[in-house]
Amino acid sequence: VVTWNGLDLTLRCLDSLRAQECDGVDVELVVVDNGSRDATVDVIQAMDDVRLVALASNTGFAGGVNAGIRATTGDVVVLVNNDAIAEPGFLQHLVAPFTAPGAERVGATTGRVRLSGRFARDDRAAHALVGHDGARWVRVDDGNDSTGTQLLNSTGNEETTSGNGRDRGWLSPADAPAAPTEVFGFNGGSAALRRTALDDVGLFDDTLFMYYEDTELSWRLRRRGWTVHHVHEALTVHDHAASSGTSSPFFLDHNERNRLLVALIHAPWSVVLRAFGRATARAVLGPQRGRRARALLAVAARAPLALRRRSAIDRTATVPRSVPSVLLVPDSRPAP
């Protein structure tokens, strides 16, 4: 569990993890603190059943996870967002596929993440969560649990044909039937990673700091022949974007930059061209043109290194880029 100035959320998350039953598995509970200025370090340090990895500064999600992986030796590393609650059975279900017959090449599993609260559809709402189909949903806050609909946050990660990484199942009904097991990538807030797979492909790219680091690692896993499986029964409930917010400049800047960098490193050239074409058009014609232009300049500065990484990954890959590219999806679907 990686945290930064989120003590109350982290304590709630830890309580839900302590309650997990995982027969036959030796579990170590680890919190990586990213230089919090609140009381997180002091409080966690006093817990006998939690191991604390305290970092001096904020290294982002990727840097925090990497610090936790390096400090531990477990065969499987489970990642849970600090602003999420693990439902009963989460851990047992999430790690089960690694020991199933014929599962030697399962590199990661990814759980089912439900958004906290309930929502109502309102396609005229100015401030709303927007689904892949364009439908708009607003949170229902009247305190009546029977009002509104429970919605999914994620059933794993997918990438579109224009390089957009996103949550599979985003804003679908939470009680929808189990999604197909095979997924392009894992959601870093609800995932289990096989350590031998990490030894093979490397850890998270901490230069990304936050956002798209799970998509980037999913590409590397797939290029080395590892698979990623969704586990429908492994459920967490997530306070979406409780840490940074999806409209903050921090989120928008890092999301735009990392989307383009990950496409440049991993995606087919047709996807790269579409991604940069859209980004350039938005920087010239769209809203927040100045911010978008700065993101493009940041990508341009890192492009030489990204292209060298692309070549290095191609040299060591055992699976051609065309194989995982079959799992890319269209950017949008018609609204029902």
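The residues of the chain are indexed from 1 along the displayed sequence. What's counted below: heavy atoms across the whole structure, side chains too, no hydrogens, waters or symmetry copies.
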Margin query: To check you understand the geometry: which heavy-atom pair defines the closest contact between Val319 and Arg222, and what is its length?
Written below: CB-O, 3.5 Å
Notebook entry, point to check: So, Glu158 side chain and Val183 main chain: donor-acceptor pair closer than 3.5 Å or not?
Noted result: no
Notebook entry, point to check: Just by distance, do the side chain of Arg223 and the backbone of Ala317 share a donor-acceptor pair under 3.5 Å?
Noted result: no
Notebook entry, point to check: Within the side chain of Arg166, is there an N or O that forms a donor-acceptor pair under 3.5 Å with the backbone of Asn157?
Noted result: no
Check: With distance as the sole test, does Trp170 use its side chain to make a donor-acceptor pair with the main-chain N or O of Val130 at under 3.5 Å?
Finding: yes
Notebook entry, point to check: For the residue pair Thr155 and Gly169, what are the closest heavy atoms and their distance?
Noted result: OG1-N, 4.1 Å
Checklist line | Trp226: partners by ring-ring contact (aromatic ring centres under 6.0 Å, His included), with sequence neighbours left out | finding: none
Listed pairs under 3.5 Å, donor-acceptor, residues 93-108 side chains, sequence neighbours left out:
unit_1, atom_1, unit_2, atom_2, d
Thr99, OG1, Ala96, O, 3.2
Arg105, NH2, Arg224, O, 2.8

Notebook entry, point to check: Quick one: does Arg112's side chain get under 4.5 Å of Val231's, heavy atoms only?
Noted result: no
Item checked: Backbone N/O of Asn5 and side chain of Thr40: donor-acceptor pair under 3.5 Å -> no
Next item on the list: Kindly indicate whether the side chain of Asp331, heavy atoms from C-beta on, has any atom under 4.5 Å from the side chain of Asn164.
Entry: yes
Check: For the side chain of His230 and the backbone of Thr110, is there at least one donor-acceptor N/O pair under 3.5 Å apart?
Finding: yes
Check: Below 4.5 Å, heavy atoms only, C-beta onward: do Val27 and Leu91 meet side chain to side chain?
Finding: yes
Checklist line | Side-chain donor/acceptor of Tyr212 to backbone N/O of Gly165, under 3.5 Å | finding: yes
Next item on the list: If you link ILVMFWY side chains whenever their heavy atoms are less than 4.5 Å apart, which other residues fall into the same cluster as Val113? By chain and number, please.
Entry: none
Next item on the list: Measure from NZ or CZ of Arg310 to the centre of the six-membered ring of Trp269 and say whether it is under 6.0 Å with the direction within 45° of the ring axis.
Entry: yes
Notebook entry, point to check: Looking only at heavy atoms, what is the nearest atom pair of Arg309 and Arg220, with distance?
Noted result: NH2-NE, 3.7 Å
Margin query: With heavy-atom distances below 4.5 Å as the criterion, would you say the side chains of His127 and Val138 are in contact?
Written below: no
List the atom pairs, with distances to 0.1 Å, where a side-chain N or O of residues 10-18 and a protein N or O form a donor-acceptor pair under 3.5 Å, not counting sequence neighbours.
unit_1, atom_1, unit_2, atom_2, d
Thr10, OG1, Thr3, OG1, 2.8
Thr10, OG1, Gly6, O, 2.9
Thr10, OG1, Asn82, ND2, 3.2
Arg12, NH1, Asp239, OD2, 3.2
Arg12, NH2, Asp83, O, 3.3
Arg12, NH2, Asp239, OD2, 2.9
Asp15, OD1, Arg18, NH1, 3.1
Ser16, OG, Cys13, O, 2.6
Ser16, OG, Ala86, N, 3.0
Arg18, NE, Asp49, OD2, 2.5
Arg18, NH2, Asp49, OD1, 3.3

Item checked: Heavy-atom closest pair, residues Gly131 and Leu171 -> N-CD1, 3.4 Å
Check: How does the hydrophobic cluster around Leu305 look, that is, which other residues are in it when side-chain heavy atoms under 4.5 Å mark a link?
Finding: none
Next item on the list: Quick one: closest heavy-atom pair of Gln20 and Phe90, and the distance?
Entry: OE1-N, 3.0 Å
Notebook entry, point to check: Between Tyr211 and Asn258, which heavy-atom pair has the shortest distance, and what is it?
Noted result: O-ND2, 2.9 Å
Next item on the list: Fit a plane to each ring of Phe204 and Phe186, take the angle between them on a 0 to 90° scale, and name the class: parallel (under 30°), tilted (30 to 60°) or perpendicular (over 60°).
Entry: perpendicular
Check: Other than Leu297, what residues sit in its cluster of Ile, Leu, Val, Met, Phe, Trp and Tyr side chains whose heavy atoms are under 4.5 Å apart, directly or through others?
Finding: none
Item checked: With Gln288 via side-chain hydrogen bond (donor to acceptor under 3.5 Å, both in side chains) - residues at least two apart -> Arg291
Item checked: With Ser154 via side-chain hydrogen bond (donor to acceptor under 3.5 Å, both in side chains) - residues at least two apart -> Asp167, Asn187
Next item on the list: Check the surroundings of atom CG in Asp122: do more than 12 heavy atoms from other residues, nucleotides or ligands lie under 6.0 Å from it?
Entry: yes
Check: Tell me the salt bridge (Lys or Arg N to Asp or Glu O under 4.0 Å) pairs involving residues 28-48, sequence neighbours left out?
Finding: Glu28-Arg51
Margin query: I want to check something: taking the side chain as every heavy atom from C-beta on, are Arg289 and Arg294 in contact at a cut-off of under 4.5 Å?
Written below: no
Next item on the list: Taking Thr72 for its side chain and Gly74 for its backbone only, find out whether a donor-acceptor pair lies under 3.5 Å.
Entry: no
Notebook entry, point to check: Can you tell me if Arg114 uses its side chain to pair, donor with acceptor, with the backbone of Ala174 under 3.5 Å?
Noted result: no
Checklist line | Backbone N/O of Gly148 and side chain of Arg118: donor-acceptor pair under 3.5 Å | finding: yes
Name every donor-acceptor pair, under 3.5 Å, that has one atom in a side chain of residues 270-285 and the other anywhere in the protein, sequence neighbours excluded.
unit_1, atom_1, unit_2, atom_2, d
Arg274, NE, Thr161, O, 2.7
Arg274, NH2, Thr161, O, 3.0
Thr280, OG1, Phe276, O, 2.8

Checklist line | Under 4.5 Å side-chain linkage, directly or through intermediates, the cluster mates of Ile265 | finding: Ile313
Next item on the list: Any pair with a residue in residues 147-156 that passes salt bridge (Lys or Arg N to Asp or Glu O under 4.0 Å), sequence neighbours left out, goes on the list, sorted by first then second residue, please.
Entry: none
Note to self: Run Arg139 and Ser116 through side-chain contact (heavy atoms from CB on, under 4.5 Å) and show every step you take.
What the structure shows: CA-CA 10 Å; Arg139 188 179 293 273; Ser116 61; 4.0 Å; yes
